[in-house]
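These notes concern the structure reproduced below.
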Amino acid sequence: MDHVEESEILAATQRYYVERPIFSHPVLQERLHKKDKISESIGDKLKQAFTCTPKKIRNIIYMFLPITKWLPAYRFKEYVLGDIVSGISTGVLQLPQGPFAVISLMIGGVAVRLVPDDIVIPGGVNATNSTEARDALRVKVAMSVTLLTGIIQFCLGVCRFGFVAIYLTEPLVRGFTTAAAVHVFTSMLKYLFGVKTKRYSGIFSVVYSTVAVLQNVKNLNVCSLGVGLMVFGLLLGGKEFNERFKEKLPAPIPLEFFAVVMGTGISAGFSLHESYNVDVVGTLPLGLLPPANPDTSLFHLVYVDAIAIAIVGFSVTISMAKTLANKHGYQVDGNQELIALGLCNSTGSLFQTFAISCSLSRSLVQEGTGGKTQLAGCLASLMILLVILATGFLFESLPQAVLSAIVIVNLKGMFMQFSDLPFFWRTSKIELTIWLTTFVSSLFLGLDYGLITAVIIALMTVIYRTQSPSYIVLGQLPDTDVYIDIDAYEEVKEVPGIKIFQINAPIYYANSDLYSSALKRKTGVNPAFIMGARRKAMKKYAKEVGNANMANATVVKVDAEVDGEDGTKPEEEENEIKYPPIVTKSTLPEELQRFMPPGDNVHTIILDFTQVNFIDSVGVKTLAGIVKEYGDVGIYVYLAGCSAQVVSDLTRNQFFENPALLDLLFHSIHDAVLGSQVREALAEQEATAAPPQEDSEPNATPEA
């Protein structure tokens with residue numbers, strides 16, 4: 001603590017002094033010399049892209065075979081027990097459940113659309129009388145959709161389209177996974193209560209499922225509920241024990257495995273299914289289906305659905321992956337996920353499977369039971385294969401209530417994400433909006449449409465942030481080159497005659513008009529008001545002295561000075577373009593000043609561009625209009641802190657068509673302030689030294 005205090009005191013007492021010129025853009029460029037950049041030809045770029053090096057080969061192998069990267073670095077003593085326990089627990093949980101519900105529903109919708117219940121099979125067989133023939137056709141459709149989905153995902157991964165994962169922000173992912181947890185929870189209730197309800201899908205399915213369970217709660221199976229609650233309590237207590245003593249235990253206690261074994265034993269020993277009508281897993285078919293070629297002739301009928309399934313499947317997978325990655329501190333490669341999904345779906349379609357994605361419940365079980373690496377997933381897959389081929393009959397007596405209790409307990413982490421709401425309420429209302437809209441849309445519209453809606457809303461918030469940025473008037477911390485919000489600190493003072501205006505967003509078509517309006521509103525300097533006030537002052541003065549001709553003459557004189565000294569437009573003489581002055585200084589007589597409304601005598605507006613990362617053509621036109629509009633009333637507009645990108649944007653959009661505009665650019669706000677003060681001091685010296693002009697009386701009339 002003493003060391004920290006000493007460091008703070010030392011930092012507060014240090015001073016630095018810098019002596020350098022005032023850096024306008026031209027002055028700074030004279031001091032700099034650009035490095036010569038050797039541009040590569042297209043041939044050289046192609047040669048470099050297709051040249052094989054050991055590093056490129058290694059990266060390609062890591063991309064397509066990530067096991068070659070993590071397996072050699074596997075910490076056997078640290079990871080093996082957790083992976084074994086996790087793999088067994090996840091594998092047991094996987095046995096009676098099918099694939100991810102959203103993808104299942106999407107593929108089922110395609111199959112039913114192309115092969116409806118009343119379809120007539122070629123050859124005169126009516127599908128309503130031949131369920132096997134109809135189901136065979138639906139399997140054929142599912143295989144085609146899966147193959148095309150895999151091809152799309154693989155191609156997207158190879159083409160590096162995994163960057164779309166960046167649009168799945170953390171609030172979006174957490175809101176989405178929380179809504180998915182609610183979907184899973186409601187789908188498990190009927191198994192926990194032992195009631196029979198219809199399976200719902202699509203919009204408001206979570207509401208229909210919940211209502212159906214509540215309507216049938218009077219028919220609940222007490223024995224099923226008792227078994228489920230017993231397992232529920234066992235798992236909650238056991239997980240608390242694992243968490244409290246995790247540093248002393250070599251591996252977490254495999255609670256899910258013990259729950260399955262105990263549930264199966266009790267069910268079989270007491271004949272719960274026969275005696276108490278408790279739902280059990282039932283018969284599990286043995287063996288694998290023979291491989292077959294998917295029907296590619298169906299691609300033109302299912303390509304739209306395949307694209308949607310490919311995107312939704314990837315989005316769900318990357319959402320869950322990012323959730324666990326944030327929790328455990330590692331990175332996720334979206335391209336690698338796309339390639340993995342594409343290979344799995346493409347290869348799996350040959351064995352009459354359909355598209356895969358991430359399972360929320362089973363992912364949480366694998367993580368919650370101590371899984372550390374992909375070895376846990378491999379063990380779970382091997383268990384499934386073993387059960388399919390030989391040992392499925394051992395789990396036929398497993399109660400469904402046991403499985404539902406296991407899933408619900410492992411949803412605890414997802415439900416804890418509701419604590420995000422007060423956090424985002426304190427830190428960011430926009431991120432709170434993303435979280436809530438994602439949760440609500442995914443909950444009531446379904447995970448597929450909800451995800452699409454959430455991404456659209458998240459993108460809209462980006463537009464909102466740039467279209468409605470914060471506008472700040474800056475002031476100077478006295479005797480420093482530090483400029484901060486004048487409304488936030490008492491010590492900060494405005495520099496006399498100078499207004500400094502800051503925006504924290506790019507200037508482009510969506511906010512350029514708002515920027516111009518905010519500049520006038522926040523600084524209190526509106527050129528139109530100034531010009532109008534001058535004209536009114538002239539008329540009042542003319543009325544007082546009783547010389548209407550003088551009033552007209554003076555107004556004409558001021559208006560003429562806007563375009564040029566003699567009221568004419570610039571013209572080209574001897575191949576040299578004469579540009580009008582950037583700033584036109586008014587020549588109001590001193591007698592008129594008493595008719596002007598009180599206000600700040602502002603001579604310079606400094607636009608702080610340090611936080612502007614780009615400006616488009618519309619923004620450049622708006623900026624040019626601001627420079628001219630203020631220049632017409634004798635006020636300079638300086639640009640401070642422009643990045644190289646912004647200067648390039650200005651140059652490309654011909655902002656510097658008049659080379660004199662380059663003198664308006666300054667390296668920093670302080671350079672612009674000092675440059676403005678020097679300019680005004682020189683102007684004052686020139687005005688003092690200039691001889692008086694006899695023809696400058698206010699009652700002078702213009703020549704005919």
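In what follows, residues are counted from 1 in the order of the sequence shown.
- Heavy-atom neighbours of His33 NE2 from other residues, nucleotides or ligands within 6.0 Å: at or below the threshold of 12.
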Residues Tyr630, Leu519; criterion side-chain contact (heavy atoms from CB on, under 4.5 Å); working and verdict
CA-CA 11 Å; Tyr630 279 96; Leu519 170 63; 3.8 Å; yes
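- The CD1 atom of Ile463 sits 6.0 Å away from the OH atom of Tyr508 when rounded to the nearest 0.5 Å.
- Sequence neighbours left out, not one pair with a member in residues 602-622 passes salt bridge (Lys or Arg N to Asp or Glu O under 4.0 Å).
- For the pair Val182/Phe415, a side-chain contact is recorded, criterion being any heavy-atom separation below 4.5 Å from C-beta on.
- Side chains of Thr604 and Ser676: a donor on one and an acceptor on the other come within 3.5 Å.
- Of all the heavy atoms in Val647 and Phe656, the pair that sits closest is O-CE1, 4.2 Å.
- In terms of modelled atom types and a separation under 3.5 Å, the side chain of Ser441 and the main chain of Thr438 share a donor-acceptor contact.
- Donor-acceptor pairing under 3.5 Å is lacking for the side chains of Thr622 and Tyr515.
- Side chains of Thr178 and Gln417: a donor on one and an acceptor on the other come within 3.5 Å.
- Within the model, atoms CD1 of Ile500 and CD1 of Ile606 stand 4.5 Å from one another, a figure rounded to the nearest 0.5 Å.
- For the pair Tyr489/Leu477, no side-chain contact is recorded, criterion being any heavy-atom separation below 4.5 Å from C-beta on.
- In this structure, Arg679 is positioned above the aromatic face of Tyr636, its NZ or CZ under 6.0 Å from the six-membered ring centre and within 45° of the axis.
- Looking only at side-chain heavy atoms (C-beta outward), Glu494 and Val473 come within less than 4.5 Å of each other.
- For the residue pair Pro506 and Ile503, the shortest heavy atom distance occurs at O-CD1, 4.4 Å.
- Tyr638 has its side chain out of reach of Asp671: every pair of non-hydrogen atoms, C-beta onward, lies at least 4.5 Å apart.
- Counting all heavy atoms, side chain and backbone alike, Gly157 lies closest to Leu338 at CA-CB, 3.7 Å.
- A donor-acceptor contact shorter than 3.5 Å is absent between the side chain of His667 and the backbone of Val27.
- Side-chain atoms of Glu431 do not come within 3.5 Å of backbone N or O of Thr169 as any donor-acceptor pair.
- To the nearest 0.5 Å, the span separating CG on Asn613 from CD on Gln645 amounts to 8.5 Å.
- Phe314 CZ to Glu337 CD: the interatomic distance, rounded to the nearest 0.5 Å, is 7.5 Å.
- At a threshold of 4.5 Å between non-hydrogen side-chain atoms, the residues Leu514 and Tyr471 count as touching.
- In terms of heavy-atom proximity, Leu172 sits nearest to Ala458 at CD1-CB, 3.9 Å.
- Ser428 places no side-chain N or O within donor-acceptor distance of the main-chain N or O of Phe424, the cut-off being under 3.5 Å.
- For Ser516 (side chain) and Ser512 (main-chain N/O), no donor-acceptor pair under 3.5 Å exists by modelled atom type.
- Taking CD1 of Ile605 as the reference point, atom CD of Glu629 lies at 11.0 Å (rounded to 0.5 Å).
- Atoms CD1 and CD1, on Ile626 and Ile635 in that order, are 12.5 Å from each other to the nearest 0.5 Å.
- Contact detail for Ile318 and Ser315: the closest heavy-atom pair is CG2-O, 3.3 Å.
- Of the possible polar contacts, none joining the Asn526 side chain to the Lys520 backbone as a donor-acceptor pair under 3.5 Å is found.
- Phe655 places none of its side-chain heavy atoms less than 4.5 Å from the side chain of Asp649.
- Under a cut-off of 6.0 angstrom, the local environment of CZ in Arg31 is sparse, with at most 12 non-hydrogen atoms contributed by other residues, nucleotides or ligands.
- By the neighbour-count criterion of 12 heavy atoms within 6.0 Å, atom NZ of Lys327 is sparsely surrounded, having that number or fewer from other residues, nucleotides or ligands.
- Residues Arg652 and Ser648 form a side-chain contact, since some pair of their non-hydrogen atoms from C-beta on lies under 4.5 Å apart.
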Audit row: Thr453, Thr437, side-chain contact (heavy atoms from CB on, under 4.5 Å) steps and yes/no
CA-CA 8 Å; Thr453 304; Thr437 53; over 6 Å; no
Under the side-chain contact (heavy atoms from CB on, under 4.5 Å) criterion, do Gln677 and Val495 qualify, and how do the steps go?
CA-CA 10 Å; Gln677 292 173 335; Val495 181; 3.5 Å; yes
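- Within the 4.5 Å cutoff, no side-chain heavy atoms of Tyr483 are placed close to those of Thr610.
- The heavy-atom pair separating Lys493 from Glu490 by the smallest distance is NZ-O, 3.4 Å.
- Between Asn653 and the choices Leu623, Ile615, Val618, Val620, the side-chain contact (heavy atoms from CB on, under 4.5 Å) rule is met once, by Val620.
- With a 6.0 Å radius and a threshold of 12 heavy atoms from other residues, nucleotides or ligands, Phe418 has its CZ atom above the threshold.
- At distances below 3.5 Å, not a single donor-acceptor pair connects side-chain atoms of His25 with backbone N or O atoms of Leu664.
- The pair Lys322-Glu170 fails the salt-bridge criterion, with no side-chain N (NZ, NE, NH1 or NH2) lying under 4.0 Å from an Asp/Glu carboxylate O.
- Although no hydrogens or angles enter the test, the distance criterion places a donor-acceptor pair under 3.5 Å between the side chain of Ser517 and the main chain of Asp513.
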